[in-house]
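As a basis for the values below, the full set of heavy atoms in this structure was taken, side chains included, without hydrogen atoms, waters or symmetry mates.
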Amino acid sequence: KTVITHISDGFDFLGQNIRRYNGKLLIKPSNNAVKAFLKKVRTIVKENKTATQDLRIRKLNPVISGWNNYHR
């Protein structure tokens, strides 16, 4: 659906929140994207409670680096 909003109110697009604060345009990850990412990380950690630290890092590293690269 198309919604016309003012840039100072901001809008979400492709997991990014675009908004103007005090004359500066800021693009940050949207709240929904952050919540979904944290939920994904929590499920990985909970599923691997008894795993070693090395294995847990190997499972989390591609998820975290991929999310960072997308929102860079």
Side-chain angles (χ1 to χ4, degrees):
K1 305 283 180 185
T2 303
V3 177
I4 298 173
T5 62
H6 196 268
I7 192 70
S8 62
D9 295 333
F11 60 93
D12 291 343
F13 182 70
L14 296 177
Q16 306 287 340
N17 180 270
I18 302 163
R19 188 171 180 181
R20 181 170 294 191
Y21 293 98
N22 298 326
K24 288 187 177 182
L25 183 68
L26 294 180
I27 301 172
K28 304 186 297 185
S30 68
N31 289 336
N32 291 337
V34 172
K35 287 179 185 178
F37 172 70
L38 290 176
K39 185 177 180 181
K40 190 174 189 178
V41 169
R42 282 186 191 111
T43 57
I44 291 173
V45 170
K46 286 180 183 179
E47 288 174 354
N48 297 297
K49 281 185 178 180
T50 59
T52 62
Q53 180 179 358
D54 183 45
L55 182 63
R56 195 178 285 182
I57 289 171
R58 286 185 192 187
K59 289 193 181 257
L60 286 173
N61 198 24
V63 174
I64 294 170
S65 63
W67 193 80
N68 284 333
N69 288 335
Y70 179 77
H71 290 284
R72 183 172 15 169

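- The shortest distance between side-chain heavy atoms of V45 and R42 does not fall below 4.5 Å.
- Under the 4.5 Å side-chain contact rule for hydrophobic residues, L60 and L55 do not share a cluster.
- No continuous path of ILVMFWY side-chain contacts below 4.5 Å connects W67 to Y70, so the two sit in separate hydrophobic clusters.
- For the residue pair I18 and F13, the shortest heavy atom distance occurs at CD1-CB, 4.4 Å.
- R58 approaches P62 most closely through the heavy-atom pair O-CD, 3.2 Å.
- For the pair N68 and F37, the minimum side-chain heavy-atom distance is 4.5 Å or more.
- At least one donor-acceptor pair under 3.5 Å links the side chain of R56 to the backbone N or O of K49.
- From R19, atom CZ reaches atom CD1 of I7 across 10.0 Å, with rounding to the nearest 0.5 Å.
- Between the OG1 atom in T43 and the CG atom in L38 there is a gap of 10.5 Å [rounded to 0.5 Å].
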Let me check something: any side-chain donor-acceptor pairs from residues 24-33 under 3.5 Å, sequence neighbours excluded? List them with distances.
unit_1, atom_1, unit_2, atom_2, d
S30, OG, A33, N, 3.3

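- Side chain of N61 to backbone of I57: no donor-acceptor contact under 3.5 angstrom is found.
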